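Each ligand, and each atom within it, is numbered from 1 in the order the structure gives. Just so you know, residue 1 is the first one in the sequence shown, and it goes up from there. Keep in mind it's a predicted model, so treat the numbers as computed, not measured.
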Amino acid sequence: MADTEPVINKGLEGIYFAESSICKVDGQAGKLYYRGYSIEELCGNSDFSEVSYLLLNDKLPNGNELEGFRQQLADERYLPKSVVDFIKENSMRMHPMDTLRSAVSMLPAYDTEAYDNSPGSNMRKSVKLISKSASIAATIGRVRSGGDYVMPDQSMGHVESFLYMLNGRKPDPKTVKILDVMFIVHAEHSSNASTFGVIVAGSTLADIYAATTAGIAVLKGPLHGGADEAALEMMYNIGDPDNTEKYIEDALAGKQKIMGFGHRVYKTYDPRARIVKGYLEDLQTNGSGELKNLSQIALRAEKLMIDKLGASKGIWPNIDFFAGPVYVSLGIQHEIFTPIFAASRMSGWCAHMLEYWKNNRLLRPLEKYTGQVDLKYVRIEDRK
Ligand code: ACO
């Protein structure tokens, strides 16, 4: 019987590989749910620590559970000296995502249960990873701007502590609130490339440190997490808001992709982008100087792109388009945008790993072979 011709789904587009109750992305309606709660509901009422608990445990915590979870995050916040030394020694020599990836992969050395793959141990390691990845991202930013490691303050909340470790001073509540929303909107997004990368690694029964380290590697690229930095760079290249339309028209005419637009699943407005855009509208009205400029450029670019490609091609802004100017407004340096994304997504990555391991199956897709077979080996002296 002749082999049936395999169907190739490039980029695994449209392929389901598992069931999950963690996150629903409704790409047609532009809706996003974490464990059944809409992203608007969570951003309006919750905070990143509580959302992390929700993602990991499939329920909102009661008061005692939340207090206990916050305490566990606070207890795990410190970094081992050799991780800090590694960051100090290397962070100017490589991309911050490489520093983050390497630092996270050092953590098993300081965990006596690193290779215990039981559910209880993996839950404890998840809390450790969520807490320490934020401390590592903050320390990378701190060291790159010439500062020294800041010992975490255990009385602070997760995002407040992140900013404290980044800047060496207590942040104001408004900055904490906005960044907390940024952490929530980045916390989870179903089987995107990095989460899939985590699950591929974890499906071999590699431990959760190995799996999430793989996720950081996947997130780095500009087609995924790196798009926020690339979009901001474009806004700086545009420079003057009045250059926006010409710049975008020229880029599109040259077949360039505009970073921060388009999405494999959303064929309408990304609901996370809508939330983040609200902060930019505020900056356009109330900001000044660079921030006003950036927000005007972003909003004019968004309008043009939607007019040209929204309805016709389903290319709408994604979260990464507006994130950069918002981080700038919070005083956060460009190079740690993607590490912040990783530290936020750590909650989703760990939740997926805990879920997938309940019914693990090695991930192993197929390729259609298009090469030759049965070639005869030619000795080197006989080759042309
Ligand atoms: N700017 C201009 N045109 C675009 C863009 C864009 N950002 N994105 C897609 N298109 C066009 C493509 O050129 C292509 O046009 P064609 O049919 O004339 O050849 C069509 O839309 C389909 O594009 P694909 O790249 O095939 O669509 P895919 O589903 O693979 O892409 C992706 C999704 C990778 C996100 C893409 O839209 C892109 O590269 N965007 C820019 C990078 C980006 O913002 N990434 C962040 C994604 S969100 C996240 O990771 C948090």
Side-chain angles (χ1 to χ4, degrees), residues 8-15 23 25-28 30-32 34 39 97 181-198 214-235 237-238 244-277 297-298 300-327 334 337-349 352:
I8 295 177
N9 291 73
K10 276 190 81 179
L12 298 183
E13 191 165 351
I15 300 291
C23 177
V25 182
D26 183 339
Q28 299 304 321
K31 296 288 292 176
L32 170 63
Y34 295 172
I39 193 68
M97 284 296 278
V181 167
M182 299 301 282
F183 267 68
I184 294 175
V185 293
H186 283 98
E188 165 54 16
H189 213 232
S190 75
S191 54
N192 56 86
S194 58
T195 302
F196 188 62
V198 168
I216 298 170
V218 179
L219 187 68
K220 181 184 176 190
L223 295 187
H224 190 11
D228 48 10
E229 206 184 329
L232 184 70
E233 198 180 312
M234 181 190 78
M235 292 175 206
N237 288 339
I238 292 174
T244 307
E245 287 75 13
K246 178 164 175 12
Y247 187 101
I248 301 277
E249 300 268 13
D250 287 352
L252 291 176
K255 298 268 173 234
Q256 278 179 43
K257 277 187 172 175
I258 310 297
M259 294 293 127
F261 285 87
H263 198 274
R264 181 59 67 75
V265 182
Y266 290 120
K267 297 304 165 197
T268 183
Y269 215 107
D270 176 342
R272 305 166 300 172
R274 209 184 282 290
I275 291 170
V276 178
K277 181 185 167 186
I297 291 168
R300 280 170 72 160
E302 178 226 20
K303 182 173 181 324
L304 180 75
M305 284 292 286
I306 291 177
D307 287 349
K308 288 187 90 74
L309 300 177
S312 64
K313 268 198 169 178
I315 307 287
W316 297 84
N318 61 56
I319 186 173
D320 285 333
F321 190 64
F322 297 120
V326 171
Y327 288 136
H334 313 176
F337 294 175
T338 320
I340 291 175
F341 189 160
S344 319
R345 186 57 59 85
M346 192 58 82
S347 302
W349 289 338
H352 276 278

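If you check which protein heavy atom lies closest to atom 42 (C) of ligand 1, you get Met259 SD, 3.6 Å. Nearest protein heavy-atom neighbour of atom 35 (C) of ligand 1: Gly262 O, 3.8 Å. Of the protein's non-hydrogen atoms, the one nearest atom 48 (S) of ligand 1 is His263 CD2, 3.6 Å. The nearest heavy-atom contact from the protein to atom 28 (P) of ligand 1 is Arg264 NE, 3.6 Å. Among all non-hydrogen protein atoms, the one lying nearest atom 51 (C) of ligand 1 is Asp320 OD2, 3.4 Å. Among protein heavy atoms, atom 3 (N) of ligand 1 sits closest to Leu309 CD1, 4.2 Å. Protein heavy atom in closest approach to atom 50 (O) of ligand 1: His224 ND1, 2.8 Å.
With a 4.0 Å cut-off on non-hydrogen atoms, Phe321 does not touch ligand 1 at all.
When all heavy atoms are compared, the tightest approach of Phe322 to Pro317 is CE1-CB, 4.0 Å. For Ile39 against Pro271, the heavy-atom pair with the smallest separation is CG2-CB, 4.2 Å. In terms of heavy-atom proximity, Asp270 sits nearest to Ile319 at OD2-N, 3.0 Å. Residues Leu304 and Glu245 approach most closely at CD2-O, 3.8 Å, considering heavy atoms.
Under the 4.5 Å side-chain criterion, counting only non-hydrogen atoms from C-beta, Gln256 is not in contact with Asp250. Two residues are said to be in side-chain contact when any heavy atoms from C-beta on lie closer than 4.5 Å; Phe261 and Leu309 fail this criterion. The shortest distance between side-chain heavy atoms of Thr338 and Glu229 falls below 4.5 Å.
For atom 39 (O) of ligand 1, the nearest protein heavy atom lies under 4.0 Å away. For atom 45 (N) of ligand 1, a protein heavy-atom neighbour is present inside the 4.0 Å cut-off. Protein non-hydrogen atoms do reach within 4.0 Å of atom 30 (O) of ligand 1.
Against a heavy-atom cut-off of under 4.0 Å, Phe341 is close to the following atoms of ligand 1: 51 (C). For ligand 1, the atoms lying closer than 4.0 Å to a non-hydrogen atom of Ala227 are 43 (C), 44 (O), 45 (N), 46 (C). Heavy-atom proximity to Leu223, at under 4.0 Å, picks out these atoms of ligand 1: 39 (O), 45 (N), 46 (C), 47 (C). Interface of Pro222 with ligand 1, defined as ligand atoms under 4.0 Å from a residue heavy atom, comprises 42 (C), 45 (N). Below 4.0 Å from some heavy atom of Gly260 lie the following atoms of ligand 1, by number and element: 43 (C), 44 (O). Atom numbering of ligand 1 starts at 1 in the shown order; those under 4.0 Å from a heavy atom of Ile315 are 4 (C), 8 (N), 9 (C), 10 (N), 11 (C), 21 (O). In summary, the atoms of ligand 1 found under 4.0 Å from a heavy atom of Lys313, numbered by their order in the structure, are 15 (O), 16 (P), 17 (O), 18 (O).
Tyr247 places no side-chain N or O within 3.5 Å of a backbone atom of Ala301 that could act as its donor or acceptor partner. Formation of a donor-acceptor pair under 3.5 Å by the His224 side chain with backbone atoms of Ser194 is found in this model. Within the 3.5 Å criterion, the main-chain N or O of Lys267 finds a donor-acceptor partner in the side chain of Trp316. Panel note: side chain Glu188, backbone Ser190; a donor-acceptor pair is recorded below 3.5 Å.
Between the choices Lys257, Gln256, Lys267, the shortest heavy-atom distance to atom 25 (O) of ligand 1 belongs to Lys257.
In this pair, Tyr327 and His186 present their aromatic rings parallel. The plane angle is below 30°, not in the 30 to 60° band.
Distances between N or O atoms of Met305 and those of ligand 1 include no value under 3.5 Å. Where the criterion is an N or O separation shorter than 3.5 Å, residue side chain and backbone included, Phe261 meets it with respect to ligand 1. Checked against a 3.5 angstrom limit, the closest N/O atoms of Ile258 and ligand 1 fall inside it. On a distance-only criterion, Arg272 and ligand 1 share no N/O pair closer than 3.5 Å.
His189 and Phe341 have their aromatic ring centers separated by at least 6.0 angstrom.
By the ring pair (Phe, Tyr, Trp, His ring centres under 6.0 Å) test, Tyr269 is found to be paired with no residue, residues two or more places apart in sequence or in another chain being considered.
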